[in-house]
Amino acid sequence: MSLIKSISGIRGTIGGKVNDNLTPLDVVKFASAFGTWLQNNKNKKDLTLVIGRDARISGQMVSSLVTATLQGLGINVVDLGLSTTPTVEIMVPELRADGGIILTASHNPKQWNALKLLNEKGEFISGENGAEVLALAESEDFNYAEVDDLGKYETRDDAFDIHIQQILDLPMVDVEAIKAKNFKVVLDAVNSTGGIAIPMLLDRLGCETIKLYCEPTGHFPHNPEPLKEHLGDICELVKKENADLGVVVDPDVDRLALIDEKGEMFGEEYTLVAVADYLLKHKNGAAVSNLSSSRALKDVAQAHNSEYFASAVGEVNVVTLMKEKNAVIGGEGNGGIIYPELHYGRDSLVGVALFLTHLAKENKTVSELRAGYPGYFMGKKKIELTPEIDVDAILSRMEKEYENEEVSTVDGVKIDFETNWVHLRKSNTEPIIRIYTEAKSQEEADKLGDDIIAKIKSLI
């Protein structure tokens, strides 16, 4: 399945057949649906949308199609060109626009692209709204503008400056403390737009930046998901350069992974843990992550007399719960930092600024900082599904099987044991059950996953 239509947008591989892949016709149809949905739901004639893209090879083509389609509907377009997901999110309310479209397939390989849809707050549209957009795309009930009513087009080249200035103005970002440390930072931006934005931020923070894969060509030099197995080059370079840390971002710059001064992974789950540790030390309040994120965040929150809450998987769900609990900090264990003082979206730039503030004030190395957090290890396994397997029945049986433990059914089934946990959920994108585990050692996490798989197979 190379074309995935979901409530948060549409993504697929470039080329191929209509409705099977992300072809020009699919791009036009989906942009038409979102533009039409906005027109149907806004009580005003003159609508404006902000668009921006990561550096992937198909970005310019997809951007041209989206822009022309929106103008064809009579919608004005402000084009940020090469941008990041959080920058587009910041610029929608900044420009008082009616919504936005981010052209990125996030951490997917280079053949993928996507349209991600934002409301007037610069936040991802709700599931309910997304379903309405999908229905419109299906019906193709579009009404394009006549020649005198076509939308206007303008470009902006100051979006990164605006985004970075908003970060530097945050009370919890201590620019002077960071500058005093003269941090040496190696950056791997996987040849996308982080290679433009992150060095601009680091420069304003007085850091020395050593760039690795920072040319925004869209030719990803390794798998763009910021996982340990893809990051050998930066780990080596951090050691060679005697750098203080390494920073890794994905193509659209909403996920942040860190490398310590020894060239070891800080742990993607621990980006959020470290930032939460800093913020909750200064302000009690709630921390939120999703059910598949590390228990370390809960431990850190409780250490600061703060509450922890877990949402269903998905950024929209995390944000909804953060608003409900008025959270100080939230995000996802994949390196996604959501800091509401700035905006409700995963943002690697604010993550870098808050982490460097924490590092400067603690007066520790990155490895020393990491050693101060609870040590957990994650396992990720899956079971392939066949048509005759009733997933809901299996999850229901598992819930009953472990009813004496702490069980959550907010999203699939999560079972919290005393020293470890397992989370079972049906994938939205593949015919599999995902099995996430976490424990005090990798062996224990993997064994727990294997035991749960054996248990499920005995129930099938």
Side-chain angles (χ1 to χ4, degrees), residues 1-40 47-85 88 98-118 124-125 130-147 149-155 191-193 216-220 224 251-252 429:
M1 184 167 65
S2 321
L3 185 68
I4 300 165
K5 300 171 187 177
S6 76
I7 54 175
S8 58
I10 184 169
R11 63 191 169 109
T13 47
I14 297 297
K17 292 186 179 299
V18 176
N19 282 327
D20 285 342
N21 304 78
L22 191 60
T23 69
L25 275 177
D26 292 296
V27 171
V28 169
K29 183 164 83 168
F30 206 73
S32 296
F34 184 52
T36 300
W37 177 80
L38 279 171
Q39 289 172 325
N40 292 346
L47 295 182
T48 299
L49 275 179
V50 178
I51 68 167
R53 62 186 176 91
D54 69 14
R56 58 187 67 233
I57 300 160
S58 61
Q60 183 62 68
M61 177 195 76
V62 174
S63 180
S64 299
L65 289 164
V66 169
T67 298
T69 302
L70 294 172
Q71 287 183 273
L73 285 165
I75 294 172
N76 304 319
V77 176
V78 180
D79 186 358
L80 306 183
L82 288 173
S83 193
T84 74
T85 285
V88 179
D98 300 288
I101 301 179
I102 309 161
L103 308 173
T104 174
S106 200
H107 60 269
N108 284 44
K110 69 177 184 179
Q111 62 267 35
W112 289 80
N113 212 329
L115 282 67
K116 295 185 176 181
L117 311 176
L118 304 176
F124 288 116
I125 62 172
E132 291 167 6
V133 174
L134 286 176
L136 265 173
E138 205 60 44
S139 70
E140 296 188 22
D141 186 13
F142 314 133
N143 188 16
Y144 296 99
E146 294 184 13
V147 70
D149 299 321
L150 296 174
K152 301 183 193 70
Y153 174 78
E154 68 170 296
T155 59
N191 284 340
S192 191
T193 51
T217 61
H219 291 282
F220 305 145
D252 70 325
T429 55

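The first residue in the sequence is number 1, and the count goes up from there.
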Any non-hydrogen side-chain atom of [X] less than 4.5 Å from a side-chain atom of [Y]?
| X | Y | answer |
| --- | --- | --- |
| Leu22 | Phe30 | no |
| Leu118 | Phe124 | yes |
| Arg53 | Thr104 | no |
| Glu154 | Val78 | yes |
| Leu115 | Val62 | yes |
| Leu3 | Asp20 | no |

Sequence neighbours left out, cut at 3.5 Å: what donor-acceptor pairs do the side chains of residues 130-138 make with other protein atoms?
| from | atom 1 | to | atom 2 | distance (Å) |
| --- | --- | --- | --- | --- |
| Glu132 | OE1 | Trp37 | NE1 | 2.7 |

Within this structure, what is the [atom1]-[atom2] distance for the pair [X] and [Y], rounded to the nearest 0.5 Å?
| X | Y | atom1 | atom2 | answer |
| --- | --- | --- | --- | --- |
| Thr84 | Ile102 | OG1 | CD1 | 8.0 Å |
| Ile101 | Leu117 | CD1 | CG | 6.0 Å |
| Gln111 | Thr13 | CD | OG1 | 7.0 Å |
| Asn21 | Arg11 | CG | CZ | 13.5 Å |

Evaluate side-chain contact (heavy atoms from CB on, under 4.5 Å) for Thr36 paired with Asn143, printing each intermediate quantity in order.
CA-CA 8 Å; Thr36 300; Asn143 188 16; over 6 Å; no

Side chain of [X], backbone of [Y]: donor and acceptor closer than 3.5 Å?
| X | Y | answer |
| --- | --- | --- |
| Arg56 | Trp112 | yes |
| Asp252 | Asp54 | no |
| Gln39 | Leu73 | yes |
| Asp98 | Leu49 | no |
| Thr69 | Ser32 | no |

Taking only residues two or more places apart in sequence, or in another chain, which ones meet Asp26 in a salt bridge (charged side-chain N to carboxylate O under 4.0 Å, His left out)?
none

Identify the heavy atoms of [X] and [Y] that sit nearest to each other, and give their distance.
| X | Y | value |
| --- | --- | --- |
| Tyr144 | Gly72 | CB-O, 3.4 Å |
| Tyr153 | Thr67 | CD1-CG2, 3.4 Å |
| Ala55 | Asn191 | CB-O, 3.9 Å |
| Leu103 | Asn113 | C-OD1, 3.6 Å |
| Ser83 | Val88 | OG-CG2, 3.7 Å |
| Asn108 | Phe220 | O-CE1, 3.8 Å |

Start with the C-alpha gap between Leu80 and Ile51, add the side-chain angles, then the distance that decides, and say whether side-chain contact (heavy atoms from CB on, under 4.5 Å) holds.
CA-CA 6 Å; Leu80 306 183; Ile51 68 167; over 6 Å; no

Determine whether more than 12 heavy atoms belonging to other residues, nucleotides or ligands lie under 6.0 Å from atom [atom1] of [X].
| X | atom1 | result |
| --- | --- | --- |
| Lys110 | NZ | no |
| Glu146 | CD | no |
| Asn40 | CG | yes |

